2 protein chains.
Amino acid sequence: MKGKATSFDIAYHAGVSQSTVSRALRNSPSVSLDTRRRIQAIAKQLNYKVDKNASSLRRQHATTLALLLFEDPTSDDSLINPFFLSMLGSITRTCARQGYDLLISFQQLSEDWHADYQDAHKADGLILLGYGDYLVSRDRLRKLEAQGTHFVRWGAVVEGQPGISVGCDNVQGGRLMTEHLLGLGRRRIAFIGNASAHCPEFLDRYLGHGAALRAAGLPVDPALHVDDATDSTEEVGYRALCDLRARGVAFDAVFAASDLLAIGAMRALDDAGVRVPAEVSVAGFDDIPMARFATPPLTTVVQNTKLAGELLVERLLKQIRGEPVESTMLPAELVIRRSCGARSAA
Amino acid sequence: MKGKATSFDIAYHAGVSQSTVSRALRNSPSVSLDTRRRIQAIAKQLNYKVDKNASSLRRQHATTLALLLFEDPTSDDSLINPFFLSMLGSITRTCARQGYDLLISFQQLSEDWHADYQDAHKADGLILLGYGDYLVSRDRLRKLEAQGTHFVRWGAVVEGQPGISVGCDNVQGGRLMTEHLLGLGRRRIAFIGNASAHCPEFLDRYLGHGAALRAAGLPVDPALHVDDATDSTEEVGYRALCDLRARGVAFDAVFAASDLLAIGAMRALDDAGVRVPAEVSVAGFDDIPMARFATPPLTTVVQNTKLAGELLVERLLKQIRGEPVESTMLPAELVIRRSCGARSAA
DNA sequence: CTGAAAGCGCTTACAG
DNA sequence: CTGAAAGCGCTTACAG
């Protein structure tokens, strides 16, 4: 027994042909139960595993998915948006449950991430995660689609976008949060987050925010909008809040388009001696693990990442099988913590 | 052009044999530069990628590594220790830089994780991450070693352990932190974390803690040690602190063997109306991202996860190439934040 | 510097 | 229910 055992070794030990071994190991009913059992026992005993490369090559199917996490070129080398991390667990486990292996790669938005994985037959399909400029990634998505690559992405469900997405109902999330803030008696709500096609998720959250405002008969004041916050980092949130104060606009609440932005904003508020939530309410979006450990604990919008991961994998697998699939929107839900304060009156 | 292009297609277009195409694409100097360039250009134009399965099968080398994150069976389905997450980025990037693909899988400690990946020729080696009972995993490690599987693990560097490890200098980290606490005037330091061979990392931290105590001429009081904290979760930290208080022992500091434990302990302290750090100092270990957002921000021990990831990959690759490798210990460093308070005197 | 040929370890029609 | 044979798409001695 030098090197790994092959199906020929098993065949020899079992006294059958190699083809029968192959069938038995795939549990083909055309092999008698007895033989099947016997072969499987020998395989186990010899510690035999079907060679994945040979099998994939022959079947033209890798039984592997690739998870591509793409980040802004600007972002720090070691920084991963903690939000995606929560999804990672769910995706990994769902793949395992389905018998698929998962390749993972972190890509700069600038790189040629659309290539490789499926072309080289490494994976049967791609799962795409990552913020970053949507208008940049859209072209890549189109190319992927043109090449017939199977892929699903997490993100805003946008009309006429290439491929299919699973995303949170960002409009609803934005609306719910602003309604909550209004219910708390807040009237001048600053919004931090770029609201353009570059950041469709932030845009939707802003749209929901505006809808809630208008429904309450309140104006949408552009002076309260920090529109140049495209990246989701604490630094950007910090600066956004400083800008807001530098402009001299009055506000009694801050709704940040992500938790990281909100946490940065809270720190700026603290540095400026503004009390949260006594003077200003702060709200975020995502419910990353550290949201509950912020000071004060952050009120935010949860997205069901467990379900999201499952849907992403399931949709991709369906697509690979040639079944029809559609984009899906997951409901958003508020988590009320202390950063917005309590209702002022009954 | 139906289906993906193969090397035969390229050969046809270039007017050479398929073998020459294969050589040219691997950049073999035995093919004339001209021909090489021409073939590479055609390949690019046809969007050709070498089939990884065929290549791996033929070369008997997958150019793929597998990252196995193993967790306690007890831990929540979606919970991943945030500490490992920081390492993930570094590992992924290092693999990419070396031209290796990375498979990822989360395994329950109870599963047969030692099998599969290398036997099925999916990966050339394994990277093992995860706390959990070391005495349980050790047997698996031995089996891996007996099978000739290449692997490296993150964790305590233990005398006579199977395989090689990259880990933090936990003894040093424990010593530094206790010295810091002592320097702050604390004398009754509770330690949360199981100190046995089941948790060699916690054990080393405890050993360092004890060494610092003894060096200062202070006793190591077993009453101050919560020894049944084997899992690294906030809940366990919370309970540990409650136990400590229930026992009625006095303490002016808590050194938790991990940040998650420390954060749980701080919450219990807060619930009990004990002020941190005014009445009790709290320290952790790991420096997970949320440590700085805890209330108060947590003083802890940083481990260089970027370097750790790089070393893990580098060691594994060396091992695969048959070069000699050794376990390595990374230095530990304190991050002083507010949870321990300031020096009482000058 | 290039080509013809063998073979990596499987899976799967095809024939019996 | 089982076996002999072809072939998945490469890489690499071997020969020229």
Side-chain angles (χ1 to χ4, degrees), chain A residues 1-40 42-43 46-64 99 116 118-124, chain B residues 1-40 42-43 46-64 99 116 118-124:
Chain A
M1 191 85 59
K2 40 204 59 178
K4 304 279 174 193
T6 72
S7 52
F8 284 92
D9 298 321
I10 313 290
Y12 173 78
H13 283 270
V16 295
S17 75
Q18 182 269 339
S19 357
T20 299
V21 170
S22 180
R23 288 194 193 94
L25 292 174
R26 310 201 124 259
N27 229 331
S28 157
S30 78
V31 175
S32 80
L33 230 179
D34 261 18
T35 329
R36 238 187 290 167
R37 291 243 172 87
R38 194 158 45 87
I39 291 173
Q40 285 166 2
I42 295 174
L46 293 185
N47 229 312
Y48 170 80
K49 291 282 176 324
V50 173
D51 185 298
K52 176 119 188 207
N53 295 125
S55 175
S56 296
L57 173 59
R58 180 54 234 247
R59 305 176 65 204
Q60 298 288 67
H61 189 275
T63 324
T64 300
D116 241 69
Q118 193 169 337
D119 290 342
H121 290 271
K122 294 176 183 178
D124 305 314
Chain B
M1 191 90 53
K2 41 204 58 174
K4 302 279 176 197
T6 73
S7 52
F8 284 94
D9 298 322
I10 313 289
Y12 173 78
H13 282 272
V16 295
S17 75
Q18 182 268 340
S19 356
T20 299
V21 170
S22 179
R23 289 193 193 95
L25 292 175
R26 308 200 126 261
N27 230 330
S28 157
S30 78
V31 174
S32 79
L33 231 179
D34 260 19
T35 329
R36 240 187 286 166
R37 293 243 173 89
R38 194 158 45 88
I39 290 173
Q40 285 167 0
I42 294 174
L46 293 185
N47 230 312
Y48 170 81
K49 291 280 177 324
V50 173
D51 185 298
K52 176 119 187 205
N53 295 125
S55 174
S56 296
L57 172 59
R58 180 53 234 248
R59 306 177 63 204
Q60 297 289 69
H61 189 276
T63 324
T64 300
D116 240 68
Q118 193 169 337
D119 289 343
H121 290 270
K122 293 176 184 179
D124 306 313

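Please read all numbers here as calculations on a predicted model, not as lab measurements. Below, read A as the first sequence line, B as the second, and so on, with proteins coming before strands; counting in each chain starts at 1.
If you check every strand for non-hydrogen atoms under 4.0 Å, S7(A) touches sugar and phosphate atoms only. Heavy atoms of T6(B) sit under 4.0 angstrom from primed sugar atoms or phosphate atoms, though from no base atom.
Applying the side chain to side chain contact (heavy atoms under 4.5 Å, CB included) test to D34(B) and every residue at least two apart in sequence or in another chain returns S32(B). Shown here are the side chain to side chain donor-acceptor pair (under 3.5 Å) partners of T20(A), two or more places apart in sequence or in another chain: S17(A). Take R36(B) and apply the side chain to side chain donor-acceptor pair (under 3.5 Å) test, not counting sequence neighbours, and it matches N27(B). In terms of the side chain to side chain contact (heavy atoms under 4.5 Å, CB included) criterion, R58(A) has no residue partners (sequence neighbours excluded). Scanning for side chain to side chain contact (heavy atoms under 4.5 Å, CB included) contacts around S22(B) gives Q18(B), with sequence neighbours left out. Residues forming a side chain to side chain contact (heavy atoms under 4.5 Å, CB included) with A54(B) (at least two apart in sequence, or on another chain): L57(A), D51(B). Residues that satisfy the side chain to side chain donor-acceptor pair (under 3.5 Å) test with S56(B), not counting sequence neighbours, are absent from this structure.
Non-hydrogen atoms lying under 4.0 Å from DNA chain C are contributed by nothing in residues 31-40 of chain A.
Rounding to whole angstrom units, CZ of residue R26(A) and P of dG9(C) are separated by 17 Å. When rounded to the nearest whole Å, the span between CD1 of I10(A) and P of dT11(C) equals 12 Å.
Looking at K4(B), its side chain never comes within 3.5 Å of a backbone N or O of K49(B) through a donor-acceptor pair.
Taking a pair as Watson-Crick or G-U with both hydrogen-bonding distances under 3.5 Å, the stems of three or more pairs touching DNA chain D are C:1-3 with D:14-16, C:5-12 with D:5-12, C:14-16 with D:1-3.
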Dump the pairs, protein N or O against N or O of nucleotides 5-7 of chain D, anything under 3.5 Å, distances to one decimal.
unit_1	atom_1	unit_2	atom_2	d
dG7(D)	N2	R58(A)	NH1	3.4

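Taking atom C1' on both dG16(D) and dT12(D), the two are 16 Å apart, rounded to the nearest angstrom.
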